[in-house]
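Just so you know, ligand 1 is whichever comes first in the structure, and atom 1 is the first atom listed for that ligand.
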Amino acid sequence: MKKTLTYKILDAHKVSEDLENNKMSIKIDHTLTQDATGTMAYLEFLSFGIDKVKTELSVSYVDHNTLQNGFMNADDHKFLQTVADKYGIVYSKAGNGICHQVNLERFAKPGKTLLGSDSHTPTSSGVGALAIGAGGLDVACAMAGMPFSIVRPKVVGVKLLNKLRGGVSAKDIIIYLIGKMTVKGGVNKVIEYYGEGVKSLTVPERATICNMGAELGATSSVFPSDEQTRAFLKLQSREEDFVELSADEGCEYDENITIDLAELEPVASCPNSPDAVKEVKELANIKVDQVLIGSCTNSSYYDFVKVASILKGKRIHKDVSLGIAPGSQQVLQMITKNGILDVLLEAGARILESACGPCIGMGQSPATDAVSLRTFNRNFYGRSGTNSAKVYLVSPEVAALSAVNGYISSPLGMELNDFSLDVEYPKCDSLLYKPTFTSEVVMGPNIKPIPKFAPIGNSFTAKAMITLEDNITTDHIMPAGAKVLPYRSNIEKISEFVFSNIDEGFSQRCLDNGAGVIVAGSNYGQGSSREHAAIAPRYLGIKAVIAASFARIHKKNLINFGILPIELAIEADLLDEIEVVWNEKDIKVINKTKNKEYATSCDLTEEELSLINCGGLLNTF
Ligand code: MIC
Ligand code: SF4
């Protein structure tokens with residue numbers, strides 16, 4: 001049978017299959033963690049009592065919590081470094097760059113499976129790997145050599161025709177696709193790219209596209225490994241990692257989409273959702289206050305060549321603040337050597353650390369009501385740190401031109417090749433450390449043990465602690481930003497912030513009531529992989545989430561921490577009394593206040609049900 005590239009890689013890694021429940025488990029070759037999810041993932045890994053990681057390669061990155069205002073983040077870094085050294089994990093120190101950019105440059109290999117405790121892990125699929133984001137506990141299990149289980153994904157074949165026009169970017173391809181498929185259109189699917197148009201896209205462009213596949217809710221995205229891949233790996237001095245990979249000619253996809261690259265226009269995701277897509281020309285003349293270029297989506301050398309071609313000899317508008325964060329030390333070295341940094345400085349850019357920074361609300365929050373244009377991947381409500389800000393997601397080209405003009409501008413038709421792409425890529429590994437197996441683990445006072453959770457029981461009555469609409473993000477559930485992120489290793493403290501951006505009283509209300517349920521619409525938990533969005537509500541007594549549908553990673557996180565995800569659309573108001581009775585797959589939900597009864601059967605496997613029955617995965621070790 002002719003196979004898609006997705007199933008070639010999945011089948012080569014298959015450990016078991018459960019066709020009845022449409023699930024499969026696969027062997028994981030590589031893992032990555034980042035600091036904001038990593039401390040929890042390594043606490044979980046340590047609880048297994050294993051002497052070293054069992055993967056081919058595991059890398060621990062520090063890129064999110066690099067703002068060290070107080071001892072907490074620095075303590076976390078020390079914890080991560082000592083765990084990495086002791087247990088056989090490569091350590092990427094703060095300053096080395098954003099995990100996905102560095103991983104693409106130094107480690108990603110065609111045909112390998114990569115599991116990362118960050119939802120944008122699929123960035124590495126740009127070289128033809130199958131890279132998947134997951135909660136920290138799943139990554140900890142993979143580091144311990146356990147297979148990773150997924151819903152057998154449907155494969156969406158995206159055929160790319162022709163070539164992009166000048167001023168149109170890889171970012172426009174993926175934003176256009178998100179507009180078409182919506183933020184829930186990719187759940188339990190892999191987006192596989194093929195066709196003539198693929199050949200014209202470089203690996204950094206493919207990585208941008210795979211990166212934002214996360215905004216479709218997709219399990220992963222994948223590109224073939226071809227001459228572009230070989231050229232990229234050669235520039236990274238690792239041509240030996242190249243293997244050619246593609247789908248079988250004429251294989252069948254579950255869904256088909258065709259995009260004519262020559263017809264694409266510059267597009268933008270408008271506030272507050274990546275799928276609120278408009279053509280940039282429709283937004284022309286909107287005044288811009290802030291422009292930020294960077295993040296794991298658009299911070300490669302390739303991106304800065306385009307940006308510098310626009311900024312060369314120009315000065316940014318006086319009312320705009322332009323912040324630029326190169327994705328890695330390698331990119332920073334290259335833009336320094338090739339004259340791009342001078343161009344950026346002369347134009348008036350503020351150079352930020354090679355880290356996630358403003359993308360996760362770590363600094364650079366816009367002014368009240370400000371318009372902020374960002375080359376990032378998420379513009380969820382409150383994520384920038386300013387609830388009233390209007391954040392647009394755009395390509396580096398749109399960002400740079402708009403920074404000069406002071407209003408949103410379309411670069412369509414501009415040829416942007418003032419700087420060469422064919423340059424030396426320095427092997428910049430001075431902040432990467434191979435394990436020596438000699439350290440003892442150092443744990444600062446803010447790193448608290450993971451709380452133990454009792455099983456929720458097969459029948460319980462609890463109040464609806466919050467009732468929510470569709471597409472609630474993990475940024476709504478468990479906000480990030482400079483104030484909250486330092487508590488990622490302290491569940492008791494971080495639980496005070498659950499839903500704090502939209503409902504300040506939530507956490508106290510839960511503690512006062514003892515037990516509760518969350519009621520929501522479809523695609524609950526979209527966005528980040530942060531398992532804190534499950535652990536902290538569990539800590540506050542949440543026993544079940546009743547939602548019309550769930551995002552993939554968040555649903556798994558709920559199960560891993562013993563919360564029952566019930567897929568059901570129900571009517572409820574705040575503090576309605578809800579009774580839940582569940583027995584294996586049969587679930588009965590009664591809204592006692594409204595006197596309404598709903599029955600459903602859940603799609604969880606025996607194994608998942610037994611995890612909830614015993615209070616979560618950690619109780620099984
Ligand atoms: C994000 O982009 O939201 C993050 C921060 O990278 C998260 C991980 C986290 O919350 O630590 C993600 O995407 O998984
Ligand atoms: Fe970091 Fe932003 Fe990428 Fe998340 S999306 S990994 S916060 S740069």
Side-chain angles (χ1 to χ4, degrees), residues 32-41 61-67 73 76 80 92 94 97-104 115-124 131-136 138-139 174 207-208 210-215 217-218 269 274 292-300 303 323 325-328 331 352-364 374-385 391 393 473-482 484-489 494 497 525-536 551-554 556-557:
L32 73 74
T33 55
Q34 42 88 340
D35 50 333
T37 54
T39 48
M40 207 39 78
Y61 293 92
V62 175
D63 55 359
H64 283 63
N65 294 347
T66 59
L67 202 68
N73 291 344
D76 283 355
L80 294 169
S92 173
I98 305 174
C99 56
H100 308 304
Q101 176 65 26
V102 179
N103 207 69
L104 186 76
L115 194 71
S117 63
D118 191 282
S119 61
H120 291 104
T121 302
T123 314
S124 285
I132 304 177
D138 284 324
V139 178
I174 186 63
T208 294
C210 292
N211 173 284
M212 268 191 94
E215 275 54 66
S269 299
L292 294 172
I293 302 177
S295 92
C296 55
T297 321
N298 282 115
S299 58
S300 65
D303 291 319
S328 65
V331 175
L352 312 177
E353 191 182 17
S354 295
C356 298
C359 179
I360 188 62
M362 277 291 196
Q364 303 286 319
R374 301 175 164 212
T375 66
F376 306 171
N377 47 37
R378 288 185 174 147
N379 57 349
F380 300 146
Y381 175 77
R383 184 172 163 103
S384 68
V391 178
L393 307 174
T473 72
T474 49
D475 280 290
H476 290 107
I477 308 170
M478 187 74 262
V484 185
L485 278 171
Y487 301 116
R488 283 288 180 95
S489 325
I494 208 168
F497 298 93
Q526 69 156 323
S528 154
S529 66
R530 60 189 75 148
E531 55 191 353
H532 304 75
I535 312 176
R552 173 188 64 90
I553 304 179
H554 188 63
K556 196 97 185 283
N557 287 339

A.B. asks: Could you find the nearest protein heavy atom to atom 13 (O) of ligand 1 and give me its residue, atom name and distance?
C.D. replies: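 Result for atom 13 (O) of ligand 1: S119 OG, 2.4 Å.
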A.B. asks: Can you name the atoms of ligand 1, numbered from 1 with element, that are less than 4.0 Å from a heavy atom of R378?
C.D. replies: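 What qualifies from ligand 1 is 1 (C), 2 (O), 3 (O), 12 (C), 13 (O).
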A.B. asks: Just to verify, which of T121, N377, N298 counts as forming a side-chain hydrogen bond (donor to acceptor under 3.5 Å, both in side chains) with N211?
C.D. replies: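 For N211, the side-chain hydrogen bond (donor to acceptor under 3.5 Å, both in side chains) check succeeds only for N377.
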A.B. asks: Under the side-chain hydrogen bond (donor to acceptor under 3.5 Å, both in side chains) test against Y61, which residue among N103, D35, D118, T33 passes?
C.D. replies: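 Of N103, D35, D118, T33, side-chain hydrogen bond (donor to acceptor under 3.5 Å, both in side chains) with Y61 is met by N103 alone.
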A.B. asks: Heavy-atom distance under 4.5 Å between the side chains of S354 and I98, does that happen here?
C.D. replies: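 Result no, sub-4.5 Å side-chain heavy-atom pair not found.
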A.B. asks: Among M478, Q34, R488, R530, whose heavy atom sits nearest atom 8 (C) of ligand 1?
C.D. replies: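 Shortest heavy-atom distance from atom 8 (C) of ligand 1: Q34.
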A.B. asks: Looking at atom 7 (C) of ligand 1, what's its closest protein heavy atom, distance included?
C.D. replies: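 The answer is S528 OG, 3.1 Å.
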A.B. asks: Do I494 and M478 touch side chain to side chain, with heavy atoms closer than 4.5 Å?
C.D. replies: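 A side-chain contact under 4.5 Å exists here.
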A.B. asks: State, with a plain yes or no, whether a side-chain heavy atom of Q101 is found less than 4.5 Å away from one of T123.
C.D. replies: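 Q101 does not reach T123 side chain to side chain.
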A.B. asks: For A36, counting its heavy atoms only, list the atoms of ligand 1 lying under 4.0 Å from any of them.
C.D. replies: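 Every atom of ligand 1 under 4.0 Å from some heavy atom of A36: 11 (O).
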A.B. asks: If the condition is salt bridge (charged side-chain N to carboxylate O under 4.0 Å, His left out), which residues does E215 pass it with, not counting sequence neighbours?
C.D. replies: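 Salt bridge (charged side-chain N to carboxylate O under 4.0 Å, His left out) list for E215, sorted by chain: R378.
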A.B. asks: At under 4.0 Å between heavy atoms, which part of D118 makes contact with ligand 1: side chain, backbone, both or neither?
C.D. replies: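 D118 to ligand 1: contacts from backbone and side chain alike.
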A.B. asks: Are L485 and I360 close enough that some pair of their side-chain heavy atoms sits under 4.5 Å apart?
C.D. replies: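 Of all side-chain heavy-atom pairs linking I360 with L485, at least one is under 4.5 Å.
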A.B. asks: Taking side chain as C-beta onward, heavy atoms only, is C359 less than 4.5 Å from R383?
C.D. replies: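 They are in contact (side-chain heavy atoms under 4.5 Å apart), so the answer is yes.
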A.B. asks: I want to verify a count. Protein N, O or S atoms less than 2.8 Å away from atom 1 (Fe) of ligand 2, how many are there?
C.D. replies: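 Number of qualifying protein atoms: 1.
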A.B. asks: Below 4.0 angstrom from a heavy atom of I360, which ligand 1 atoms are there? Numbered from 1 as shown, please.
C.D. replies: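 Ligand 1 atoms under the 4.0 Å threshold to I360: 5 (C).
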A.B. asks: For atom 2 (O) of ligand 1, which candidate among H64, H532, R383 holds the nearest heavy atom?
C.D. replies: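 Among H64, H532, R383, the closest heavy atom to atom 2 (O) of ligand 1 comes from R383.
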A.B. asks: For atom 5 (S) of ligand 2, tell me which residue out of N377, T297, L485 has the closest non-hydrogen atom.
C.D. replies: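 It is N377 that holds the nearest heavy atom.
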A.B. asks: Can you find a side-chain donor-acceptor pair between S489 and D76 that sits under 3.5 Å?
C.D. replies: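 A donor-acceptor contact under 3.5 Å links the two side chains.
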A.B. asks: Below 30° counts as parallel, above 60° as perpendicular, anything between as tilted: where do the rings of F497 and Y487 land?
C.D. replies: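 The arrangement is parallel - the two ring planes meet at less than 30°.
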